[in-house]
Amino acid sequence: MEEVFQNEIIKEILAKYRRIWAIGHAQSVLGWDLEVNMPKEGIMERSVAQGELSVLSQELLLRPDFVELVEKAKDQELNEYERGVVRVLDRSIRITKSFPPEFLREVSEVTAQATKAWEEAKAKDDFSKFEPWLDKIIDLAKRAAEYLGYEEEPYDALLDLYEEGLRTKDVIRMFDKLEKDLKPLLDKILEEGKVPREHPLEKEKYEKEWMEKVNLWILEKFGFPLGTRARIDVSAHPFTTEFGIKDVRITTRYEGFDFRRTVLSTIHEFGHALYELQQDERFMFTPIAGGVSLGIHESQSRFWENVIGRSKEFVELLYPVLKENLPFIEEYTSEDVYLYFNMVRPDFIRTEADVVTYNFHIILRFKLERMMLNEGVKAKDLPELWNEEMERLLGIRPKTYVEGILQDIHWAHGSIGYFPTYSIGTILAAQLYYHMKKDLDVEAKVAEGDFEPIKAWLREKIHRWGSIYPPKELLKRAIGEEMDAEYFIRWVRERYL
C-alpha cells in the first residue's frame, strides 16, 4: 500500500498525535460500556474518569511543541492527505483554545446538573424544574459564540462546531425551501389517504428473540462484519461508536411492540457504522480517520434507513424473514408491511416522526435556538413559542410539556446548533440516492439483495475520504454540486404520491 504521508513534519505530528488518538480510543470504550454494560452506580467514577481524560487530551493538543509543529506544517508543500491533517488539527486547536478552562468547567458542571433537572422535569411534566437551568444554558451558548467568534450572527459559531463551514444563511435557505414545498405535499399526502396514519402492526407484540434473528439477518445481508470488525448490542438509545477502523459497534433497542422501530434503528445505525468501516485504512491512528461531520454522517444513516430500509424492494426481500420469525405476520401481506414502514402522521415527538414530517420538528427547534441567541428570549417564554410553532407547522398543539419542550435532552447537554445536522442528513440521503441512480439500478440491486455495488459507490464517493476535505468540498467532489433540498422534495413526491 502506497504511503500517503511523505512530509517529515507531518510524520512528526502524527507520531505525537497517537497519544491523543489513544485517549480518544479509551474514551470511546468507556462511553460504549457506560451505555451497554455499566451498573447504574458506576456513573460517578466513570464521569470523573471521562472528565480527566478530556483534560489530558486537551493538554496534549495544546502543548506548545505540538501547536508549533502544526503551524510550521502550514508553510510546507503538502499533498491533499497532509493538508487534511493540518486542517483538522488546526480547527481542533482553534476551538479548544477559544474556551478558557474555567468556562469549560462551568459548562461541564451546569450541563451535568441541567441533565438531572431535565430528567426530573420530564418525569413530573413540570417545566419549572428545568427553566432556571435552561436560562443558564442559553447564557453559556451566547458566551461560547463570543469566545469562538463569528462574522454575521452568534448562531453561526455554534453551527460551525457541529458542521464545519455551515452558516445560518445556509440553514435558512434549506428550511425556507422545505417549508414552502413540503407543507403542501404533506397536506396532499394526508388528504389522499393512500398512506396510512396508523396501522394495526404498531400494536402487535413481539418477543425480543424473534426480532434479534430478524436484525441479524438484515446485518448479514448488508455484509456487516459481525465478530471480526463489528458487533451489535442493546442500549436505551440506539447509537454507533467507533474505536477505530477495525472496531465499530452499534446498538438497537427492543420495546416489545411496533417492530419497525427496532428494524429501522438497526438499519440506521448500520449506515453510520458503514461510514467508519469503509475508511481508507492508511488513515488509521490519524486525525483524518472518521466521518467528516454530523450532517454527512447522518446522510449515511438516513440513506440506509429511508432510501433502502423503507423501500418496497427491501420490504419484499425482508417479508419471508419476518414471516418466519413473527407469528402475527401471517395475517399481513408484504404490501401491509410496506405501508406500515411508510406511515405519515403529524406527531408531537421528533424521534417518532415519519420521514415527511420529521424536518418540521427541526425547523421548530432551529427557530427557537436563533431566538434564544439573537432576540433575548428567556426560558419562560419558550414553551408557548414551541406550542405555537408546532401548531403552525404541523397543525397539532402539545397538551403537556413532555409532548413539547421537554422531549429532547439536547439542550440539557448544552447542544445548541446541533439539530440542523439532522435535516442536512435527511436531505443529502435523497440527493446521494439520485446521483447513485445515474450509475446503478438501485432498486434492482436491493430487490436482488445485492448491496455490494451500493456500498462500493458510497465508499468511493464519501467514505474512503475520511475527514480530508471539509463537508461542502467533499460533496462538491462527490456529486459536483452543493446540498439542494429539491432532491428530498422530489423523493417525497415520488415515494408518497
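For reference, positions follow the sequence shown, starting with 1. Note that this is a predicted model, so its numbers are computed, not measured.
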Nearest 0.5 Å, what's the CD-CG distance between Q431 and L475?
-> 6.5 Å

Test W304 against E269 for side chain to side chain donor-acceptor pair (under 3.5 Å), laying out the working first.
-> CA-CA 9 Å; W304 284 92; E269 298 309 331; over 6 Å; no

With distance as the sole test, does S415 use its side chain to make a donor-acceptor pair with the main-chain N or O of W411 at under 3.5 Å?
-> no

Carboxylate-amine/guanidinium contact R464 E460, below 4.0 Å | yes

Expected output: side-chain E163 to main-chain G295 donor-acceptor under 3.5 Å | yes

Going through the checks in order, is the side chain to side chain contact (heavy atoms under 4.5 Å, CB included) test met by R249 and I232?
-> CA-CA 6 Å; R249 308 183 185 194; I232 181 170; over 6 Å; no

Under the 3.5 angstrom rule, does the side chain of E403 hit a backbone N or O of I349 as a donor-acceptor pair?
-> no

Is any NZ, NE, NH1 or NH2 atom of the basic residue among E119 and K122 found under 4.0 Å from an Asp or Glu carboxylate oxygen of the other?
-> no

Quick one: do R173 and D176 make a salt bridge, cutoff under 4.0 Å?
-> no

Between Y254 and Y206, how do the two ring planes meet: parallel, tilted or perpendicular, split at 30° and 60°?
-> perpendicular

Does N342 use its side chain to pair, donor to acceptor, with the backbone of R310 at less than 3.5 Å?
-> yes

Do the ring planes of F270 and F224 sit parallel (below 30°), tilted (30 to 60°) or perpendicular (above 60°)?
-> perpendicular

Rounded distance (nearest 0.5 Å) linking atom CD1 of I296 with atom OH of Y275 | 6.0 Å

Under 3.5 Å, is there a donor-acceptor pair between the side chain of T262 and the main chain of F259?
-> no

Side-chain donor or acceptor of R350 paired with backbone N/O of H361 under 3.5 Å = no

Between OH on residue Y338 and CZ on residue F341, distance to nearest 0.5 Å = 11.5 Å

Looking at R231 and D247, does any basic side-chain N land under 4.0 Å from a carboxylate oxygen?
-> no

Classify the angle between the aromatic ring planes of H435 and Y487 as parallel (below 30°), tilted (30 to 60°) or perpendicular (above 60°).
-> tilted

Parallel, tilted or perpendicular: rings of F314 and F451 (30°, 60°) | perpendicular

Heavy-atom nearest pair, I427 first then M483, reads CG2-CG, 3.8 Å

Test: R392 and E389 ion pair at under 4.0 Å | yes

Ignoring hydrogens and geometry, is there a side-chain-to-backbone donor-acceptor pair from T426 to Y422 under 3.5 Å?
-> yes

Worked verdict on F175 versus F366 for ring-ring contact (aromatic ring centres under 6.0 Å, His included) = CA-CA 9 Å; F175 285 149; F366 167 68; 5.4 Å; yes

Under 3.5 Å, side chain of S54 to main-chain N/O of Q50, donor-acceptor pair present?
-> yes

Are E191 and K188 ion-paired here, with the side-chain N under 4.0 Å from a carboxylate O?
-> no

